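What follows is a short report on a single structure.
Every number for a ligand or one of its atoms is a count from 1 in the order of the listing. Owing to the predicted nature of the structure, the values given are computational and were not obtained by experimental measurement.
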Amino acid sequence: MYICLCKGLTESDVREAGRQGYLTTRQIIAEFGLRDTGCCGRCAKNISELVTLAKSQLESACRKIVSS
Ligand code: FES
(Lines give C-alpha, C1' and ligand atoms only; values in the text may rest on other atoms or scores of the structure.)
Protein backbone atom coordinates (compact mmCIF):
# COMPACT_ATOMS: atom_id res chain seq x y z
CA MET A 1 0.00 0.00 0.00
CA TYR A 2 1.25 3.46 -0.85
CA ILE A 3 1.99 5.68 2.13
CA CYS A 4 3.42 8.64 0.23
CA LEU A 5 2.14 9.51 -3.21
CA CYS A 6 4.63 12.36 -3.73
CA LYS A 7 7.64 10.02 -3.40
CA GLY A 8 5.95 6.75 -4.27
CA LEU A 9 6.76 5.21 -0.89
CA THR A 10 5.04 2.07 0.22
CA GLU A 11 4.37 0.71 3.68
CA SER A 12 7.12 -1.84 2.98
CA ASP A 13 9.63 0.96 2.31
CA VAL A 14 8.80 2.54 5.67
CA ARG A 15 9.03 -0.80 7.49
CA GLU A 16 12.41 -1.47 5.87
CA ALA A 17 13.64 1.97 6.99
CA GLY A 18 12.61 1.01 10.53
CA ARG A 19 14.61 -2.21 10.29
CA GLN A 20 17.61 -0.16 9.16
CA GLY A 21 17.43 2.03 12.26
CA TYR A 22 15.19 4.95 11.30
CA LEU A 23 13.01 4.72 14.39
CA THR A 24 11.13 8.00 14.57
CA THR A 25 8.73 9.75 12.24
CA ARG A 26 11.15 12.65 11.98
CA GLN A 27 14.03 10.37 10.95
CA ILE A 28 11.91 8.65 8.30
CA ILE A 29 10.66 11.95 6.90
CA ALA A 30 14.24 13.23 6.66
CA GLU A 31 15.56 9.97 5.16
CA PHE A 32 13.03 10.00 2.34
CA GLY A 33 13.08 13.76 1.79
CA LEU A 34 9.39 14.20 2.51
CA ARG A 35 9.88 17.89 3.27
CA ASP A 36 11.53 18.51 -0.10
CA THR A 37 10.13 21.10 -2.45
CA GLY A 38 7.09 19.68 -4.19
CA CYS A 39 6.19 17.32 -1.35
CA CYS A 40 2.89 17.97 0.38
CA GLY A 41 3.68 16.37 3.76
CA ARG A 42 0.26 14.71 4.01
CA CYS A 43 1.84 11.31 4.60
CA ALA A 44 3.48 12.36 7.90
CA LYS A 45 0.36 11.35 9.86
CA ASN A 46 0.30 7.88 8.28
CA ILE A 47 4.03 7.42 8.90
CA SER A 48 3.56 8.49 12.51
CA GLU A 49 0.77 5.93 12.92
CA LEU A 50 3.00 3.20 11.46
CA VAL A 51 5.82 4.14 13.85
CA THR A 52 3.42 4.09 16.82
CA LEU A 53 2.05 0.69 15.78
CA ALA A 54 5.53 -0.78 15.30
CA LYS A 55 6.66 0.49 18.73
CA SER A 56 3.56 -0.93 20.38
CA GLN A 57 4.13 -4.33 18.73
CA LEU A 58 7.77 -4.29 19.82
CA GLU A 59 6.86 -3.40 23.43
CA SER A 60 4.28 -6.18 23.49
CA ALA A 61 6.81 -8.70 22.19
CA CYS A 62 9.36 -7.57 24.81
CA ARG A 63 6.79 -7.93 27.62
CA LYS A 64 6.07 -11.50 26.50
CA ILE A 65 9.77 -12.36 26.51
CA VAL A 66 10.32 -10.80 29.97
CA SER A 67 7.29 -12.55 31.47
CA SER A 68 8.21 -15.99 30.10
S1 FES B 1 2.19 12.26 0.22
FE2 FES B 1 4.15 12.16 1.16
S3 FES B 1 5.00 14.13 0.85
FE4 FES B 1 3.11 14.16 -0.22
Side-chain angles (χ1 to χ4, degrees):
M1 177 172 109
Y2 280 95
I3 294 292
C4 174
L5 297 179
C6 295
K7 294 281 186 167
L9 288 180
T10 64
E11 186 176 331
S12 296
D13 296 325
V14 174
R15 289 185 186 279
E16 181 58 28
R19 283 190 284 273
Q20 292 182 8
Y22 298 95
L23 301 178
T24 67
T25 303
R26 184 178 297 215
Q27 288 173 327
I28 292 169
I29 286 172
E31 170 63 11
F32 290 112
L34 303 181
R35 298 261 191 253
D36 291 353
T37 302
C39 290
C40 68
R42 289 186 197 141
C43 57
K45 183 176 178 241
N46 292 337
I47 291 171
S48 177
E49 288 173 359
L50 265 180
V51 168
T52 299
L53 180 63
K55 285 181 179 176
S56 141
Q57 290 171 340
L58 180 62
E59 287 169 4
S60 175
C62 287
R63 268 188 243 113
K64 286 181 184 174
I65 290 170
V66 169
S67 66
S68 61

Joint hydrophobic cluster, Leu5 plus Met1, side-chain heavy atoms closer than 4.5 Å: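 No.
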N, O or S from Cys40 under 2.8 Å to atom 2 (Fe) of ligand 1: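 Within the cut-off used here (under 2.8 Å), Cys40 places no N, O or S atom near atom 2 (Fe) of ligand 1.
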Residue Cys6, metal atom 2 (Fe) of ligand 1, N/O/S under 2.8 Å: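 No - counting backbone and side chain alike, Cys6 has no N, O or S atom under 2.8 Å.
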CG on Leu50 to CD1 on Ile28, rounded to 0.5 Å: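 Here the interatomic distance stands at 8.0 Å.
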Gap between atom SG of Cys39 and atom CZ of Phe32 - 0.5 Å precision: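 Here the rounded value is 12.0 Å.
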Ligand-side contact atoms (ligand 1) for residue partner [X], heavy atom cut-off under 4.0 Å:
| X | answer |
| --- | --- |
| Leu5 | 1 (S) |
| Cys4 | 1 (S), 2 (Fe), 3 (S) |
| Cys39 | 3 (S) |

Minimum-distance protein heavy atom relative to atom 3 (S) of ligand 1: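 Protein heavy atom with the smallest distance to atom 3 (S) of ligand 1: Gly41 N, 3.2 Å.
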Residues Gln20 and Glu16: side-chain donor-acceptor under 3.5 angstrom: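 Glu16 and Gln20 do have a side-chain donor-acceptor pair below 3.5 Å.
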Side-chain donor/acceptor of Ser60 to backbone N/O of Ser56, under 3.5 Å: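 Checked: no pair found.
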